[in-house]
Participant: 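Pasting a structure below so you can have a look.
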Amino acid sequence: MEYNFSDIEKRWQEAWEKEGVYTVSNESDKPHFYVLDMFPYPSGAGLHVGHPLGYIASDIYSRYKRLKGFNVLHPMGFDSYGLPAEQYAIQTGQHPEKTTFENIDRYISQLRKIGFCYDWNREVRTCDPKFYKWTQWAFIQMFNSYFDPKTQKAQPISKLIAEWEANDPKWATLSEREQQERLMNYRIAYLADTKVNWCPELGTVLANDEVSEGLSVRGGFPVEQRVMRQWCLRVSAYANRLLEGLDRLDWTDSLKETQRNWIGRSEGAEMKFLVKTQKSKVESDELSMTIFTTRADTIYGVTFMVLAPESEYVQKVVTDEQREEVEAYLKRCKNRTERERIADRRVTGVFTGSYAINPLTQGEIPIYISDYVLAGYGTGAIMAVPAHDSRDYAFARHFNLPIIPLIEGADVSEESFDAKEGKMINSGFLNGMEVKDAIQAMKEYITNTGIGRVKVNYRLRDAIFSRQRYWGEPFPVYYKDGMPYTLPEEELPLLLPEVEEFKGVNGQPPLGNAKDWTYNGYPLELCTMPGFAGSSAYYLRYMDPHNDQALVSKQANEYWRQVDLYLGGSEHATGHLIYSRFWNKFLYDLGYVCEDEPFRKLINQGMIQGRSSFVYRYVGEGATGNLYISYNLIENPEYKDKVQPIHVSINIVNNDVLDINAFRAWMPQFKNAEFVFADGTSSELTGYTAGAKQFICGCAVEKMSKTFFNVVNPDDIVEQFGADTLRLYEMFLGPLEMSKPWDTNGIDGVHRFLKRLWNLYENIEDLEPTKDELRSLHKLIKKITWDIENFSFNTSIPAFMIAQNELTALKCHKRAILEQFAVLMAPYAPHIAEEMWHRCGNTSFVVNEEWPECNEAYLVEDTQKYPVQFNGKVRFTIECPKDTPKEEVEKLVLANEDTAKYLAGNAVKKIIVVPGRIVNIVMG
RNA sequence: GCGGCAUUGGCGGAAUUGGUAGACGCGCCAGACUUAGGAUCUGGUUCCUCACGGAGUGAAAGUUCGAGUCUUUUAUGCCGCACCA
């Protein structure tokens, strides 16, 4: 009987759905396990074969865990707020909800065809009011909380108010507005004037992780710096906990390292420098500036100070003579976009006219302003040590400032010496110390003398949480006397209003276009929340998706606790995975969730790139623009550098051979195309007939994209080969975590395997399995179990193939063997596994079966033991295959004399041997 | 610049605890069957050599009875961060 995959797959998908075999209950005696995929943004292009890679891997793991007796939560949903749908809406006037829902429908139909074991009853969509109610709810909690630095935990802000009422007499004298303003400095969700990444093209601000090299990640539009009043989340308060929490997570080192980098902890010291200006005489603290440094030991080499242009110190220290020059410089900095600043790293700066006093040497040091110092990090002011910092060095060279070497033997005539090693010189009481010790000594010195204090700085900034966009969660916030207040929780969800026009007008965000956007007559917030708002707690919602009383009930949360296995791309390392951890820790502090970290184990699947094909158009002398050269010839002198590669649809290329007729029909400009074939003959001369000559295309690995004509749609693969073949082949491509190009060419091999496997399930017999058959099966059980537990899915497919080959060679059609084979296949290829299980005479679903146990006893090969004489005495025993002749063993020992000597001197229990070689030594 | 990961046939990649390097698949070669097909099956396929034999996991050194695997140095590629003081 033929392997009719489309019939099998359709039948079983319908049966699973009808019987609800993948519906998950929160009440179960079984141990729980939560497997989650990062939910997708439903883009208009639909899924390509790269998307399901991680989904297949997590599905295999889920199905395996189920067979192992776990109650497995494995849901899917959609991150459905976002810029592309809104950009499309602005262009076409279509409501983003309409296009979003259409895209979701398409995604669901594509996903269903691949046979995932999702519990679709638990699907969530971030743009669904029932869902974003809880996004808004979380925001209100953040607004009403502050971060207590003593306990390192979020607390209700009422506690802070009570404390002030009791201990701070000034509090009661403040007006309501003043009180609100003071509280705003503590709230975890707060409104502040901050320097933001403003993207004029998108008409919105962006978070740091949404900007790369001065361009927006979405769209690639220029981004400029601007000060705006924005909602922010006090993520930086959690910097230390986010850093320390990493140690307890089962994530890859590279991902942890990326997060550590992003959090950017650095230990150093803050130091106070008094400032001498035209107005002050330095006696008082009145004019001083605080700087942050990790190299307090280099203070004897400070030859100038530098302020960031935006530093609050600037206006205090600038002298009248320098004012004009300084203002000109500040203006120039302000007008530079982030991108220009990054692109142009020439040294610029201006002298303020004032001097700082070195607290150790009492020397006067000039204060400069330069944009190489960042306002957002440390205190926005630095002490410059040109001898030992390359940036200070460049500045000193440009402005001809002195450079004092502080480390013995350091040559600073050409460049700075940045390394933290060597003996200190020119450094007063630090002279002779190693750098490491000097840093420590200096820290103690400044603490004791009160010049400064030890300080830990983090690079992680607060997240800017406002977006001047339409397609996002509205803030549950209204304004009274210009101060924000949150809506009562029972008013949630605050529904996204309808608007006529999706683009903002008159500098107002799009919600400004909504009619009657007020609460009790007070204006509501016009901004919406960013994309990461909805994706920061969605994994909690899956635990209890229909609850309208809470984000997640206590019982549901305490049953599932946290995501046991999370799969997704590494591109979310500094965005989603930081925000989610922050969000979760916040909810944990307030007692809404029972785990401090959301994702226990995390795996990044690699990206699947496209494999583009090219034809080469002849553009040399006498070119008609109509002649194409086979790839194998383009390096020939007559064509070299005279051809132009043109992307060609991979649908008309098979194994790098172009389908000539399909190419001519593909686009009008290729209608009269002529070719020089692989053998050097030309189509004009020979008169082309299909199949007679080969035209070879070039190829390249690129992003999968419509513009490269290299997109492969999983639907097409499913139709041609079936979902099981797709699943197996995606895993077979290579290690899960590695990036790799998609190449449909190899898929036949996997498909052939399924067809051959299918043949084993004819004429099933109820005979007792032989030893060889049992060995094949148990080898397979051992291998597949190990593979799944170690996420080494790619190596399972060869194991299945080998087992299939062995069983075919043994002509094995025995029920006892084939039943278990079906169960082993179930995680990888669930449809054919169900059918195989069924053909063995079972009526149950394979998903309800038990994972087979490996019996090691079946794996032992027949061996025999030889005592080996060495130096005349019996020294050890060699165990080798039964038919190995004794002379062979003796010859072997002599041939491996060094090894034998070593063995004789050690307590060796067993040696496994194959002809000619000792291969495995078991120590006693 | 800092950090992480990788490098094995024509190609994707195996080698799980240091123990037969190249599993399995693609491609290619030969053969069988055949209604000539992009079907199926069988055998071969790391390189050099007619062969015997030798070499071999980016390069160099080291540890070990034994190294693709461990250590050091180095080269190349990919990814992340980056005037972060």
Side-chain angles (χ1 to χ4, degrees), chain A residues 212-213 252-262 264-266 268 291-296 298 306 308 341-342 345 347 370-374 376-385 388-392 394-395 418 457-461 570-571 573-574 604 606-607 611 654-657 659 691 699 728-729 732-735 737-753 755-756 782-783 786-787 789-790 792 794-802 805 896-906 908 911-923:
Chain A
S212 174
E213 300 195 6
T252 60
D253 289 339
S254 79
L255 189 62
K256 284 188 189 180
E257 209 45 46
T258 303
Q259 289 219 340
R260 286 195 190 106
N261 241 320
W262 189 258
R265 179 190 154 99
S266 79
I291 58 94
F292 175 76
T293 181
T294 54
R295 294 293 302 273
T298 59
V306 188
R341 208 177 68 84
I342 290 164
R345 290 202 174 177
V347 177
S370 175
D371 66 0
Y372 86 81
V373 174
L374 304 177
Y377 185 76
T379 60
I382 62 153
M383 63 179 211
V385 186
H388 301 291
D389 182 290
S390 56
R391 295 152 301 178
D392 298 345
F395 194 86
D418 291 17
N457 240 319
Y458 295 95
R459 206 178 62 89
L460 183 70
R461 319 270 167 92
S570 57
E571 67 272 19
T574 53
N604 292 127
M607 206 112 79
R611 188 176 182 279
N654 195 344
N655 284 335
D656 292 336
V657 177
D659 181 332
C699 69
L728 286 172
Y729 187 59
F732 184 58
L733 275 177
E737 310 197 48
M738 247 193 297
S739 285
K740 56 228 159 198
W742 177 269
D743 183 355
T744 308
N745 287 335
I747 201 167
D748 286 322
V750 169
H751 191 62
R752 270 197 285 268
F753 153 68
K755 283 201 267 190
R756 283 196 295 253
K782 191 178 179 187
K783 171 80 178 135
W786 191 94
D787 280 348
E789 273 169 5
N790 293 280
S792 175
N794 55 321
T795 58
S796 283
I797 286 85
F800 283 128
M801 291 175 175
I802 292 165
N805 255 327
N896 295 278
E897 202 185 328
D898 284 343
T899 303
K901 271 184 198 159
Y902 167 78
L903 296 176
N906 290 278
V908 173
I911 303 164
I912 311 284
V913 162
V914 297
R917 204 98 181 222
I918 293 174
V919 297
N920 196 11
I921 295 163
V922 182
M923 303 298 283

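Heavy-atom basis, side chains included; hydrogens, waters and symmetry copies ignored. Chain letters run A, B, ... following the sequence lines, proteins first, then strands; residues in each count from 1. Computed from a predicted model, the values in this text were never measured in an experiment.
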Participant: Roughly how far apart, to the nearest Å, are B/C81 and B/G27 at atom C1'?
Facilitator: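 One C1' to the other, the span is 41 Å.
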Participant: Expressed in angstrom and rounded to an integer, what is the separation of A/Asp748 atom CG from B/A39 atom P?
Facilitator: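 So the two atoms are 8 Å apart, to the nearest Å.
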Participant: Is it true that A/Lys783 and A/Asp787 have a side-chain N and a carboxylate O under 4.0 angstrom from each other?
Facilitator: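 Counted as a salt bridge, because a side-chain N and a carboxylate O are separated by less than 4.0 Å.
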Participant: Say we look at B/G4 and B/A55: how far apart would their C1' atoms be, to the nearest angstrom?
Facilitator: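 Here B/G4 and B/A55 have their C1' atoms 35 Å from each other.
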Participant: Would you mind telling me which of B/A14, B/A23, B/U40 lies closest to the side-chain atoms of A/Lys755?
Facilitator: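 The answer is B/U40, which lies nearest to the side chain.
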Participant: Mapping A/Asp392 and A/Ile797 onto RNA chain B by nearest heavy atom, which one lands closer to the 5' end?
Facilitator: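 The residue closer to the strand's 5' end, by nearest nucleotide, is A/Ile797.
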Participant: Separation of A/Asn261 atom CG from B/C81 atom P, in whole Å?
Facilitator: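 In whole Å, B/C81 P and A/Asn261 CG are 9 Å from each other.
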Participant: Roughly how many Å is it from CH2 in A/Trp786 to P in B/U16, rounded to a whole number?
Facilitator: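 From A/Trp786 CH2 to B/U16 P: 8 Å.
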Participant: To the nearest Å, how far apart are A/Phe292 CZ and B/A85 P?
Facilitator: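 The distance from CZ of A/Phe292 to P of B/A85 comes to 7 Å, rounded to the nearest Å.
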Participant: I'd like the C1' distance from B/U35 over to B/U42, given in whole Å.
Facilitator: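 The answer is 22 Å between these two C1' atoms.
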Participant: Between B/G1 and B/U74, how far apart are the two P atoms, rounded to whole Å?
Facilitator: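 Result for the P pair: 13 Å, nearest Å.
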Participant: Using purine N1 to pyrimidine N3 plus N6-O4 or O6-N4 for Watson-Crick, or N1-O2 and O6-N3 for G-U wobble, each under 3.5 Å, what pairs with B/G68?
Facilitator: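 Because no pair has both required distances under 3.5 Å, B/G68 counts as unpaired.
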Participant: Over how many whole Å does the gap from A/Lys783 atom NZ to B/C24 atom C1' extend?
Facilitator: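 Nearest whole value for this atom pair: 10 Å.
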Participant: Do the side-chain N or O atoms of A/Arg752 get closer than 4.0 angstrom to the phosphate oxygens (OP1, OP2) of B/G25?
Facilitator: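 False: A/Arg752 side-chain N/O out of range (4.0 Å or more) of B/G25 OP1/OP2.
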Participant: Write down the distance between NZ (A/Lys740) and C1' (B/C11), rounded to a whole number of angstrom.
Facilitator: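 For the pair A/Lys740 NZ and B/C11 C1', the rounded distance is 16 Å.
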Participant: Any side-chain heavy atom of A/Arg459 within less than 4.5 Å of one from A/Trp262?
Facilitator: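 Yes. Closest side-chain heavy atoms under 4.5 Å.
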Participant: Between A/Asn805 and A/Leu255, which has a closest nucleotide on RNA chain B that is more 5'?
Facilitator: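 Counting from the 5' end, the first nearest nucleotide belongs to A/Leu255.
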Participant: Would you say that more than 12 heavy atoms from the other residues, nucleotides or ligands in this model lie under 6.0 Å from the NZ of A/Lys782, or not?
Facilitator: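 For A/Lys782, atom NZ is not crowded (no more than 12 foreign heavy atoms under 6.0 Å).
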Participant: Both distances below 3.5 Å, Watson-Crick or wobble geometry, any strand: find the nucleotide opposite B/A14.
Facilitator: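 B/A14 is unpaired by these criteria.
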Participant: With the side chain counted from C-beta on, respond yes when A/Met801 and A/Val750 share a heavy-atom pair under 4.5 Å apart, and no when they do not.
Facilitator: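 A side-chain contact under 4.5 Å exists here.
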Participant: For nucleotides B/A39 and B/U49, find the distance between their C1' atoms and express it as a whole number of Å.
Facilitator: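 One C1' to the other, the span is 39 Å.
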Participant: Give none if B/U46 has no partner; otherwise give the nucleotide forming a Watson-Crick or G-U wobble pair with it, both distances under 3.5 Å.
Facilitator: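 Pairing partner: B/A55.
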Participant: Identify the nucleotide, in any strand shown, that forms a Watson-Crick or G-U wobble pair with B/A82, with both distances under 3.5 Å; if there is none, say none.
Facilitator: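 Checking every strand shown, B/A82 finds no partner, since no pair has both distances under 3.5 Å.
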Participant: Classify the glycosidic conformation of B/G9 as syn or anti, calling it syn when the angle lies within 90° of 0.
Facilitator: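 Syn, since the glycosidic angle lies within 90° of 0.
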Participant: Closer than 4.0 Å, any side-chain N/O of A/Arg756 to the OP1 or OP2 of B/C41?
Facilitator: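 For A/Arg756, the contact criterion (side-chain N or O under 4.0 Å from OP1 or OP2 of B/C41) is met.
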Participant: Return the nucleotide paired to B/U76: Watson-Crick means purine N1 to pyrimidine N3 with N6-O4 or O6-N4, wobble means G-U with N1-O2 and O6-N3, both under 3.5 Å.
Facilitator: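 Across all strands, the one nucleotide that pairs with B/U76 is B/A6.
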Participant: In the structure shown, which nucleotide is the Watson-Crick or G-U wobble counterpart of B/U40, with both distances under 3.5 Å?
Facilitator: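 Pairing partner: B/A32.
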Participant: How many Å lie between CE on A/Met738 and P on B/C78, as a whole number?
Facilitator: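 That distance rounds to 16 Å.
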Participant: When rounded to the nearest 0.5 angstrom, what distance separates OH in A/Tyr372 from CD1 in A/Ile382?
Facilitator: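 Reported value, rounded in 0.5 Å steps: 4.0 Å.
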Participant: In whole angstrom, give me the gap between the C1' atoms of B/C70 and B/U63.
Facilitator: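 Comparing C1' positions in B/C70 and B/U63 gives a spacing of 8 Å.
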Participant: Considering only atom C1', compute the distance from B/G10 to B/G22 and round it to an integer number of Å.
Facilitator: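 To the nearest whole Å, 14 Å.
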Participant: Any side-chain N or O of A/Thr258 under 4.0 Å from OP1/OP2 of B/G4?
Facilitator: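 For B/G4, OP1/OP2 do not have a side-chain N/O of A/Thr258 under 4.0 Å.
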Participant: Should A/Tyr372 be listed as having a side-chain N or O under 4.0 Å from OP1 or OP2 of B/A85?
Facilitator: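 Answer no for this pair, as no side-chain N or O of A/Tyr372 is under 4.0 Å from OP1 or OP2.
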Participant: C1' atom, B/G25 versus B/G13: distance in rounded Å?
Facilitator: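 Comparing C1' positions in B/G25 and B/G13 gives a spacing of 9 Å.
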Participant: Taking the side chain as everything from C-beta on, heavy atoms only, tell me whether A/Thr252 gets closer than 4.5 Å to A/Glu737.
Facilitator: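 A side-chain contact under 4.5 Å exists here.
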Participant: How close or far is atom P of B/C79 from atom CD of A/Glu257, stated in whole angstroms?
Facilitator: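 From A/Glu257 CD to B/C79 P: 18 Å.
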